[in-house]
A.B. asks: 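Dropping a structure here in structure tokens format, bear with me for questions.
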Amino acid sequence: VNRPAVVFADEPTAALDGATGEQVLDVLFAEARASGAALLVATHDPNVAARADHLERLIRPALDRGAWVVCDRFSDSTRAYQGAGGGVEMGVIEQIDRAVVAGDQPDLTLIIDVPVELGLERAASRGGAARFEGKGEAFHRRLRDGFLAIAKADPDRCVILDGAASPDDVADRVWKA
């Protein structure tokens with residue numbers, strides 16, 4: 001059986017390396033707050049430059065070779081985190097996405113859905129409150145609602161999986177999607 005190669009692509013800041021990526025984001029957030037509109041893109045999605053670089057260096061070359069690319073996060077995460085969670089106008093996010101991602105949109109998006117309380121409990125058990133985990137329950141309710149709205153708006157591309165199930169059950173459902 002001839003199967004395509006598979007490339008696993010972490011979120012854009014992970015490509016920088018965990019600590020460095022977080023430091024870059026911290027600087028961008030601070031500069032965006034200090035300069036207002038001058039860093040509009042950084043305010044709305046500090047991952048834009050990293051995502052563009054990630055597309056050019058990893059994702060597009062892999063797609064050009066015929067590989068399948070599996071990302072842990074992509075544009076829908078921006079829509080949910082910065083849009084639904086952070087209150088950034090969706091039109092701005094879509095404009096940036098069209099400019100950066102263009103036609104390289106996912107063919108399939110798996111949304112692993114869990115109740116907010118369970119998600120926060122799991123995050124806490126992994127070792128504390130990272131930048132997003134510490135934003136509280138209301139923020140995470142907006143995130144969940146945002147992801148579910150994305151799935152409802154694009155049911156041909158998005159599949160919602162019950163993340164409250166056992167890891168084996170979730171894995172089975174991923175393979176069946």
Side-chain angles (χ1 to χ4, degrees), residues 1-18 21 25 41-42 44-116 118-119 122-123 130-132 140-177:
V1 175
N2 191 8
R3 294 188 177 140
V6 177
V7 173
F8 294 95
D10 288 331
E11 66 176 310
T13 55
L16 297 172
D17 96 28
L25 291 180
V41 170
H44 292 303
D45 186 356
N47 293 317
V48 169
R51 179 161 297 139
D53 182 67
H54 200 53
L55 278 156
E56 291 305 314
R57 290 177 188 252
L58 180 68
I59 295 173
R60 288 184 178 125
L63 293 172
D64 289 345
R65 291 191 311 271
W68 289 1
V69 178
V70 178
C71 297
D72 64 341
R73 294 182 185 105
F74 203 64
S75 297
D76 289 329
S77 292
T78 302
R79 290 177 183 97
Y81 277 82
Q82 277 69 37
V88 174
E89 183 183 323
M90 201 55 67
V92 172
I93 293 171
E94 294 302 331
Q95 182 179 13
I96 293 168
D97 187 68
R98 281 190 303 274
V100 174
V101 180
D104 294 312
Q105 298 294 333
D107 295 320
L108 173 67
T109 298
L110 303 176
I111 297 173
I112 301 175
D113 180 44
V114 296
V116 170
L118 178 60
R122 287 179 179 174
R131 188 175 77 246
F132 289 114
H140 289 278
R141 287 195 193 291
R142 292 191 308 273
L143 283 183
R144 183 176 188 221
D145 292 344
F147 276 114
L148 294 175
I150 290 165
K152 183 177 180 181
D154 197 349
D156 292 335
R157 177 178 59 86
C158 298
V159 176
I160 300 171
L161 303 172
D162 178 8
S166 74
D168 287 338
D169 285 345
V170 174
D172 286 343
R173 292 175 188 158
V174 165
W175 287 111
K176 290 175 183 171

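Bear in mind that the values here come from a model prediction, so they are computed numbers and not experimental data.
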A.B. asks: Indicate yes or no: at least one non-hydrogen side-chain atom of V101 is less than 4.5 angstrom from one of L55.
C.D. replies: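 Result yes, sub-4.5 Å side-chain heavy-atom pair found.
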
A.B. asks: Are side-chain heavy atoms of D172 and V174 found at a separation under 4.5 Å?
C.D. replies: no

A.B. asks: At what distance, to the nearest 0.5 angstrom, does CD1 of I150 lie from CD1 of I160?
C.D. replies: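 Between I150 CD1 and I160 CD1, I get 10.5 Å after rounding to 0.5 Å.
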
A.B. asks: Quick one: pull up CD in E89 and CD in Q82 and give me the separation to the nearest 0.5 Å.
C.D. replies: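 Here the rounded value is 14.5 Å.
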
A.B. asks: Near D64 CG, under 6.0 Å, is it more than 12 heavy atoms from other residues, nucleotides or ligands?
C.D. replies: yes

A.B. asks: Any heavy-atom pair between the side chains of D162 and D113 that's under 4.5 Å?
C.D. replies: no

A.B. asks: Got more than 12 heavy atoms from elsewhere within 6.0 Å of CZ, R57?
C.D. replies: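 Check fails, neighbour count at 12 or below.
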
A.B. asks: So which atom in K152 and which in P155 form the shortest heavy-atom distance, rounded to 0.1 Å?
C.D. replies: O-CD, 3.4 Å

A.B. asks: W68 versus F8: any side-chain heavy-atom pair under 4.5 Å?
C.D. replies: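 The answer is no; the side chains never approach within 4.5 Å.
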
A.B. asks: So how far is it from L161 CG to K176 NZ, rounded to the nearest 0.5 Å?
C.D. replies: 11.0 Å

A.B. asks: Determine yes or no for a side-chain-to-main-chain donor-acceptor pair under 3.5 angstrom, with R144 supplying the side chain and V114 the backbone.
C.D. replies: yes

A.B. asks: Taking atom CG of L108 and atom CG of D156, what is their separation to the nearest 0.5 Å?
C.D. replies: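 CG of D156 is found 11.0 Å from CG of L108.
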
A.B. asks: Can you check whether V92 reaches I96 side chain to side chain, under 4.5 Å on heavy atoms?
C.D. replies: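 Heavy-atom side-chain distance check passes, below 4.5 Å.
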
A.B. asks: Where do I112 and V170 land on the side chain to side chain contact (heavy atoms under 4.5 Å, CB included) test, with the steps shown first?
C.D. replies: CA-CA 8 Å; I112 301 175; V170 174; 4.2 Å; yes

A.B. asks: Taking the side chain as everything from C-beta on, heavy atoms only, tell me whether V7 gets closer than 4.5 Å to R65.
C.D. replies: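 Result yes, sub-4.5 Å side-chain heavy-atom pair found.
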
A.B. asks: Does the distance from a Lys or Arg side-chain N to an Asp or Glu carboxylate O, for D76 and R157, drop under 4.0 Å?
C.D. replies: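 Salt bridge: yes.
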
A.B. asks: Just verifying a value: how many Å separate R79 CZ and F74 CZ, rounded to the nearest 0.5 Å?
C.D. replies: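 Going from CZ on R79 over to CZ on F74, the span is 9.0 Å.
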
A.B. asks: Which heavy atom of I111 sits nearest a heavy atom of A151, and at what distance?
C.D. replies: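 Looking at all heavy atoms of both residues, the shortest contact is CD1-CB, 3.8 Å.
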
A.B. asks: Check whether any side-chain heavy atom of Q105 sits under 4.5 Å from a side-chain heavy atom of D97, and report yes or no.
C.D. replies: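 They are in side-chain contact.
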
A.B. asks: Search all heavy atoms of P115 against all heavy atoms of A164 and return the closest pair with its distance.
C.D. replies: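 The pair with the smallest heavy-atom distance is CD-CB, 4.3 Å.
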
A.B. asks: Give a yes or no on whether Q95 atom CD has more than 12 heavy-atom contacts from other residues, nucleotides or ligands under 6.0 Å away.
C.D. replies: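 For Q95, atom CD is not crowded (no more than 12 foreign heavy atoms under 6.0 Å).
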
A.B. asks: Let's go through C158 and F147 carefully: what are the C-alpha distance in whole Å and the side-chain angles of both, what is the deciding distance for side chain to side chain contact (heavy atoms under 4.5 Å, CB included) to 0.1 Å, and is it a yes or a no?
C.D. replies: CA-CA 10 Å; C158 298; F147 276 114; over 6 Å; no

A.B. asks: Of all the heavy-atom pairs spanning R173 and A165, show the shortest one and how long it is.
C.D. replies: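 Shortest heavy-atom separation between R173 and A165 comes out as NH1-CB, 3.4 Å.
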
A.B. asks: Can you tell me how far CZ of R98 sits from OG of S75, rounded to the nearest 0.5 angstrom?
C.D. replies: 11.5 Å

A.B. asks: Side-chain contact, heavy-atom cut-off 4.5 Å: C71 with I59?
C.D. replies: yes

